[in-house]
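Single-structure report; data block below.
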Amino acid sequence: MTNCWKELVEKKRNQLYNKIPAGWRLDEETINRIKNDSTNVAANIDKLCPKEENDITNTTLLELKDKIANKKVSCYEVAYAFCHRAALIHQVVNCLTEILFDEALETAKRYDLDTPDVLPPLYGIPISLKDQCNVENVDTTLGYLNRAFKPKSKQDESLIVTLLRDAGAILYVKTTVPPSMMATETVSNLFGYTYNTINTNFSTGGSSGGEGALIGARGSVLGLGTDIGGSIRIPSSYHGLVGLRPSTGTVPYLRVDNSWEGREVISSVIGPMSRDIKDLRYFMDLMANDFKPHLEDVKCSPFYFDAKNDRFTNDYVVGIQYGDGVITPTPTDLQALKLCEDTINSIPGFRAIKWSPPTELNDEMYSLAWETDLADAGKEIKSEFDATGEPLCEILEPMVLDDSRKQYTVNQWWDLSRRINDAKQRYRDYYNSFETKDRPSVIICPSTLHPFKPGNMLKATVRYILFVNLLNFPSLSLPITSFKSEIHKIKQDTCTALNHEDEIEMEYWNELINDDQMEGFPISLQIMSPTFDNNEVCKFGAFLLEKLSSHK
């Protein structure tokens, strides 16, 4: 009985592998060759695919939409190209939990045979899903062996999945997560380790790590992730993607499986991840104006979004946050922030101001977010592992406290909720301390600071991530530039560290510099809205990318 869980793991992995067509299976030599050529996963996958497929998978969602509408490509050709590429990518970096290729190709055939006069807005577009999304007839494991071999019924299917189907999207894969989704490294006993497709020497991040890897290597044009503590923004930053953590009540969470269901004080949200900001804006526009999930999901509310509106007010103010007073940003982030500031100040009608909330408040918000995550002392996570006897994953050990730590009582939870609201109010008071004309519409700040290698999750701080979830600000991960050794190979002086935690971060950064493996790695920041405006962060993000591109 001791190793019974291992047999179930093998059974689940075989179930997944057997859904890959025989002609798409790679031999061990090819897999190792691609993995070892660490920074060229996408290019090596290109060589395994015919040009016609690469032409499809190298386009954007909006370009594919036009090609399908104009009959330049068929729905079947599009579905086949993305299914094939996803299968190849998975065999190299291990990013899929469920494969729906047969269903996807059958749907695509049907779409080509019976095309409506007016095409639904996502007709024939393959959309990938983080494992949490419930799809009829397949598992939603959340990385737990205990939830394997329990396929969902039609009644279980997530509302967002139904909305995507109704819009004509083709669902073809679900992607890997760490168990419980409460880790920034994507690994589980059930599916193994998911590697970064920009550079396989690094972690893909988490918890939407499978989505990041798949989209990063062009195995998807757009996918859905979730974010309760950076789970969209972290893997997006590590793959040079645009990833939106929207405010709550926009993209529906109805019938989406989750850890800590019912926890509202810091809620998980669903948002899009993509290689193209226009695709992401199109998706959010559909959500607000076509899908209207508030009509079915009581936790959703109507919200404004207009993907075609690129107008800005006169004297547009952007806040630039160069640090939180606790962790010193890396030289690359400081340079990226300065590039954004200089670019903004060079545009007539725009100006950048310093955004510097009190250090004590920044520190408190981080501590409150962690306290919220640990309030059940890891009891739910532990119970899932104990159910099958699979060992607790090392990445979750910080979440599962010893038996002497009790779960919060309802009174302790109320007190925590009050302290969180007090912190949020003080952050709003800081915003209101500016003259009305100086209050920023958006704020640019660091996010992940640097990548990390497998097993080094705790050496990558989430201090610039968690406070956004506590505040419930919409936040867009945006690739600003990429690492170039001749510019960015700068060590940090640990003698200037603000504290011991800062010193650890600096030492790890210097270790990465010494390894000299970050060439070409994305450098991403995040744009957030202090007034909960999802449209504004996406509109400004698109504008900033355009201006940065024109200044190169």
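These numbers come from the heavy atoms of this one structure, side chains and all, not from hydrogens, waters or symmetry mates. FYI, the numbering just counts along the sequence from 1.
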Which atom pair, heavy atoms only, marks the closest approach of [X] to [Y]?
X: Pro446; Y: Tyr464; answer: O-CB, 3.5 Å
X: Ser231; Y: Thr226; answer: CB-O, 2.9 Å
X: Pro522; Y: Ile198; answer: CD-CG2, 3.9 Å
X: Ile232; Y: Gly271; answer: CD1-N, 3.4 Å
X: Pro120; Y: Asp166; answer: CB-O, 4.1 Å
X: Val537; Y: Met528; answer: CG1-C, 3.6 Å

State whether the side chain of [X] and the backbone N or O of [Y] hold a donor-acceptor pair below 3.5 Å, judged by distance alone.
X: Thr194; Y: Asn94; value: yes
X: Arg428; Y: Pro530; value: yes
X: Asn134; Y: Thr140; value: no
X: Lys174; Y: Asp139; value: yes
X: Asn146; Y: Thr388; value: no

Task: salt bridge (Lys or Arg N to Asp or Glu O under 4.0 Å) assessment of Asp46 paired with Arg85 - done: CA-CA 9 Å; Asp46 283 349; Arg85 191 173 187 90; 3.0 Å; yes

Heavy-atom count around [X] [atom1] within 6.0 Å, excluding the residue itself: above 12?
X: Glu261; atom1: CD; value: yes
X: Lys278; atom1: NZ; value: no
X: Glu394; atom1: CD; value: no

Between [X] and [Y], a side-chain donor and acceptor under 3.5 Å:
X: Glu185; Y: Tyr193; result: yes
X: Tyr408; Y: Glu371; result: yes
X: Asp285; Y: Asn289; result: yes
X: Ser237; Y: Ser447; result: no
X: Ser529; Y: Glu536; result: no
X: Asn534; Y: Ser247; result: yes
X: Arg233; Y: Asn469; result: yes
X: Ser208; Y: Lys130; result: yes
X: Asp306; Y: Asn535; result: no
X: Ser268; Y: Tyr253; result: yes
X: Ser128; Y: Ser220; result: yes
X: Ser158; Y: Lys152; result: no
X: Asp386; Y: Ser383; result: no

Among [options], side-chain contact (heavy atoms from CB on, under 4.5 Å) partner for [X]:
X: Thr248; options: Ile270, Ile266, Asn472; value: Asn472
X: Met365; options: Val468, Leu466, Leu471, Ile420; value: Leu471
X: Arg165; options: Val135, Ile127, Thr107; value: Val135

When rounded to the nearest 0.5 angstrom, what distance separates [atom1] in [X] from [atom2] in [Y]?
X: Asn199; Y: Thr204; atom1: CG; atom2: OG1; value: 11.5 Å
X: Ile277; Y: Lys539; atom1: CD1; atom2: NZ; value: 13.0 Å
X: Asp373; Y: Leu368; atom1: CG; atom2: CG; value: 11.0 Å
X: Ile234; Y: Gln526; atom1: CD1; atom2: CD; value: 9.5 Å
X: Ile20; Y: Asn18; atom1: CD1; atom2: CG; value: 9.0 Å
X: Glu380; Y: Ser180; atom1: CD; atom2: OG; value: 8.0 Å

- [ ] Output yes when Arg281 and Asp310 qualify as a salt bridge under the 4.0 Å nitrogen-oxygen rule, no when they do not.
- [x] yes

Does a side-chain heavy-atom distance below 4.5 Å link [X] with [Y]?
X: Tyr195; Y: Val92; value: no
X: Thr141; Y: Phe191; value: yes
X: Arg275; Y: Thr60; value: no
X: Asn258; Y: Arg263; value: no
X: His90; Y: Leu16; value: yes
X: Asp131; Y: Thr176; value: no
X: Thr461; Y: Leu449; value: yes
X: Val161; Y: Glu136; value: no

Task: Cation-aromatic face contact Lys12/Phe149, 6.0 Å, 45 degrees - done: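 Yes - Lys12 lies over the ring of Phe149, closer than 6.0 Å to its centre and within 45° of its axis.
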
- [ ] Walk me through it: do Lys299 and Glu264 pass the test salt bridge (Lys or Arg N to Asp or Glu O under 4.0 Å)?
- [x] CA-CA 11 Å; Lys299 292 186 178 180; Glu264 301 294 330; 2.8 Å; yes

Open item on the list: Tell me whether the rings of Phe473 and Tyr427 are parallel (<30°), tilted (30 to 60°) or perpendicular (>60°).
Closed with: perpendicular

- [ ] Evaluate the criterion salt bridge (Lys or Arg N to Asp or Glu O under 4.0 Å) for residue pair Glu106 and Lys109; output intermediate values, then yes/no.
- [x] CA-CA 5 Å; Glu106 283 301 315; Lys109 283 181 183 177; 3.7 Å; yes

Would you say the ring centers of [X] and [Y] fall short of 6.0 Å from each other?
X: Tyr172; Y: Phe101; result: no
X: Phe452; Y: Phe202; result: no
X: Tyr80; Y: Trp24; result: yes

Open item on the list: Test side-chain contact (heavy atoms from CB on, under 4.5 Å) on Leu61 and Asp276; report intermediate values, then the result.
Closed with: CA-CA 8 Å; Leu61 185 156; Asp276 190 275; over 6 Å; no

TODO: Start with the C-alpha distance between Thr250 and Val269, add both sets of side-chain angles, then the distance that settles side-chain contact (heavy atoms from CB on, under 4.5 Å), and finish with yes or no.
DONE: CA-CA 8 Å; Thr250 52; Val269 296; over 6 Å; no

Task: Verdict with supporting geometry, Arg147 and Asp257, side-chain contact (heavy atoms from CB on, under 4.5 Å) - done: CA-CA 11 Å; Arg147 300 194 184 200; Asp257 280 11; 4.2 Å; yes

